[in-house]
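If you're wondering where the values come from, they're calculated on a predicted model, not measured in any experiment. Remember, it's 1-based here, ligands and their atoms both numbered in the order they're listed.
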Amino acid sequence: MLDGDNPAELQCTVVIEWLNSCGQATKRRLFKRASVTIGRNEFKEIVLRVHDGKIPHSFTVSDVQLFNRFAKDGKCTVKFLPENVQVLMSDCPPDRLSTFLKTLSIKHLAWKTSKCLGDRAKLLACKNWRFEAISPVQKKDVEKANAFQNKVNAPMAPAGHPERRANTTARAQQVKRPRNLCDFSPVWPEKRPFFTLPTDYQLSREQSSVLDAVLSGKNVFFTGSAGTGKSFLLKRIVGSLPPKSTYATASTGVAASYIGGTTLHNFAGIGSGLGSLEQCLELAQRPMVLPNWTSCQHLIIDEISMVDAQLFDKLETIARSIKRSPEPFGGIQLILCGDFLQLPPVSKGKDNPKYCFQARCWRKCIHLCMELTEVRRQTDQAFISLLQSLRMGRVTEVVTGQLLKSASHSIERDGIIATRLCTHKDDVELTNENKLKQLQGPSRMFEAVDSDPHWLKLIDTICPVGRLLQLKVGAQVMLTKNLEVQKGLVNGARGAVVGFESGSQGLPRVQFLCGVTKVIKPERWVFKANGGTYVSRQQLPLKLAWAISIHKSQGMTLDCVEISLARVFESGQAYVALSRARSFEGMRVLDFNPCVVQANQDVLQFYRKLKKENVHMQLSMDLFLPKLNTGP
Ligand SMILES: Nc1ncnc2c1ncn2[C@@H]1O[C@H](COP(=O)(O)OP(=O)(O)OP(=O)(O)O)[C@@H](O)[C@H]1O
Ligand SMILES: [Mg+2]
């Protein structure tokens with residue numbers, strides 16, 4: 001049902017429109033489930049073929065416009081200028097669409113550099129019509145595509161120079177293109193390559209087998225200790241599924257923002273979820289919420305450890321009722337992810353909330369439990385082992401000794417001081433407010449631009465940045481978005497404000513621990529709200545970082561942390577705090593006491609049982625591995 005690994009093929013919804021000279025459609029055909037393939041015809045020209053199992057429609061890609069402004073939402077349009085026909089694709093898995101368009105652009109531009117046959121030569125060649133699959137993008141295709149783009153962008157040769165004509169023609173083609181045309185070749189500085197070989201961000205072998213299991217349609221729960229790349233993989237899963245029927249959610253707003261999704265509560269629309277089943281069902285059928293349920297075919301939930309069993313059972317019943325299907329979860333594919341040895345469900349007045357795996361429906365809902373074992377957040381094996389034993393609630397004397405020793409770590413550098421991880425929310429607000437007040441000098445206020453004030457509450461919950469951000473020189477800040485991964489400007493990177501730009505905006509200049517100083521500009525976060533609407537917030541990707549709560553830190557990777565564990569009140573809380581640190585040297589534990597480290601006994605038993613079933617689990621994983629081995 002879902003796409004294979006071919007980057008030149010897409011499964012999606014397609015509309016083909018034949019236009020008149022005014023650009024109006026005179027004929028339109030809809031293909032709800034079509035396969036769109038890039039290939040070559042008998043003259044080696046690039047061809048786009050739309051096929052729904054009946055008669056294929058093929059178009060030669062000679063002079064085309066490509067509109068991909070909404071590629072991230074799984075939509076794009078290819079307009080064939082000589083035929084005056086446009087192919088509108090929608091509901092494409094976004095990552096696959098991005099690779100597909102890159103392949104199309106590179107192959108098309110590489111073809112443009114070759115010698116093309118004219119109409120007369122084609123007629124004389126008397127060849128039969130043929131469609132053959134295109135070969136994968138090669139280095140030489142990329143070089144040719146870059147050469148073509150460089151020629152288009154090269155400075156004009158002097159009049160009369162032989163290069164002048166070629167450039168003028170190429171430029172004329174460029175000028176004809178609309179502003180929103182994008183062939184993955186934005187206006188980049190001269191000499192930088194426009195294209196590189198399409199590379200998927202590399203998943204590890206075990207991450208790939210989870211992705212394969214998901215794409216095979218199974219209901220999957222995957223777990224793994226902190227930093228094994230569960231959320232990283234989830235982002236990839238989100239990009240590989242059709243957007244219209246896929247809902248990416250998480251139990252908390254922070255975790256949801258990391259995978260570009262929304263909270264599970266917002267998706268479900270059942271308020272706190274504490275009402276009776278009847279009340280919740282009624283709430284879930286409100287006009288703004290119902291489409292979430294009816295259109296959902298793939299439900300992703302990150303940080304599942306914080307979803308309680310009662311809520312999960314309620315959601316399952318609601319899904320069956322709305323979908324009018326007796327299948328578990330009404331036939332919605334479930335992709336659940338998290339580590340039950342991290343934070344448990346929030347108690348909200350209940351004495352002892354149960355974990356999701358203790359829900360009545362858990363066993364019938366989950367087909368496959370998989371585990372990621374390779375830690376990616378930390379590289380130091382000794383630190384990884386220390387964290388692993390804390391996760392299981394084991395604190396040896398050696399571990400205690402090491403953690404006590406960390407109290408003397410000097411981790412402050414270049415005016416950047418450690419972020420304090422607090423057990424209680426009130427401490428966080430107080431610390432950040434007071435520290436900012438104590439700084440000398442004028443402050444600057446940055447106000448977010450929200451797309452729709454109607455959704456303010458939702459945006460506040462799932463956006464990692466606040467509506468108002470007050471900064472002063474010396475303010476301790478944290479990046480809330482990946483800006484330049486190679487330079488270390490990643491989500492969670494720590495820095496301090498060292499100045500403000502002149503001008504009306506007065507943007508802050510931030511010095512980061514990785515050594516980079518950068519002027520921070522506003523960024524945009526886009527979220528899917530109920531009823532299929534998209535909402536956005538534009539704000540500086542920064543938050544004050546003197547302190548953050550351990551609950552808010554779940555899912556984060558932090559550079560430089562100071563941890564106070566004296567008031568720990570949940571099992572798994574100490575492990576969550578300690579496992580945020582990228583390195584042992586970047587962490588300072590103030591008041592370590594072994595009794596704050598606690599792993600829940602039910603969870604330990606659940607994981608022991610999973611381990612026992614490991615033989616079975618491994619077999620299931622192996623089913624997906626041969627496919628990987630045959631890959632390039
Ligand atoms: N395949 C990969 N290639 C490169 N980096 C990766 C890969 N997988 C994970 N990472 C990196 O490892 C770090 C931890 O990943 P991630 O936050 O997804 O872990 P997690 O299992 O969700 O952790 P937690 O349980 O704390 O939420 C991140 O910085 C992420 O970018
Ligand atoms: Mg995570």
Polar atom proximity, Q207 to ligand 1 (N or O, under 3.5 Å): yes
Donor on one side chain, acceptor on other, D95 and S240, under 3.5 Å: no
Donor-acceptor under 3.5 Å (R96 side chain, C92 main chain): no
Sub-4.0 Å heavy-atom contact, M556 with ligand 1: no
Distance filter under 4.0 Å to A226 heavy atoms, resulting ligand 1 atoms: 23 (O), 25 (O), 26 (O)
Closest approach of any protein heavy atom to atom 17 (O) of ligand 1, naming residue and atom: R377 NH2, 3.2 Å
Q539 versus R467, side-chain donor and acceptor atoms under 3.5 Å: no
Within reach of ligand 1, part of Q342 (heavy-atom separation under 4.0 Å): side chain
Winner among S553, A250, G229, S231 once heavy atoms are compared against atom 22 (O) of ligand 1: S231
Short side-chain donor-acceptor distance under 3.5 Å, D339 and Q342: yes
Ring geometry between W362 and F221 (parallel below 30°, tilted from 30 to 60°, perpendicular above 60°): perpendicular
Protein contact to atom 3 (N) of ligand 1 [nearest heavy atom, distance to 0.1 Å]: R376 NH2, 3.2 Å
K235 to ligand 1, any heavy atom closer than 4.0 Å: no
Ligand 1-proximal atoms of T228, by part, heavy-atom distance under 4.0 Å: both
The Mg ion (ligand 2) contact by S231, N, O or S atom under 2.8 Å: yes
For atom 5 (N) of ligand 1, the protein heavy atom that lies nearest, with its residue and separation: F232 CE1, 4.0 Å
Heavy atom of G227, distance to ligand 1 below 4.0 Å: yes
Side-chain donor-acceptor contact under 3.5 Å, T373 with E206: yes
Result of checking L421, I563, N491 against L558 for side chain to side chain contact (heavy atoms under 4.5 Å, CB included): L421
Nearest-contact summary for atom 25 (O) of ligand 1 - protein heavy atom, Å: K230 NZ, 2.7 Å
Atom 26 (O) of ligand 1 [closest protein heavy-atom partner, distance rounded to 0.1 Å]: R580 NH1, 2.8 Å
Shortest non-hydrogen contact between S571 and P344, atoms and distance: O-CD, 3.4 Å
Distance-only polar pair, side chains of T262 and N266, donor-acceptor under 3.5 Å: yes
Closest protein heavy atom to atom 29 (O) of ligand 1, given as residue, atom name and distance to 0.1 Å: T557 OG1, 4.0 Å
F329 ring center within less than 6.0 Å of F312 ring center: yes
Close-contact set for ligand 1 against E303 heavy atoms, below 4.0 Å: 27 (O)
Aromatic contact, W455 with F527 (centres under 6.0 Å): no
Protein heavy atom at shortest distance from atom 27 (O) of ligand 1: G555 CA, 3.3 Å
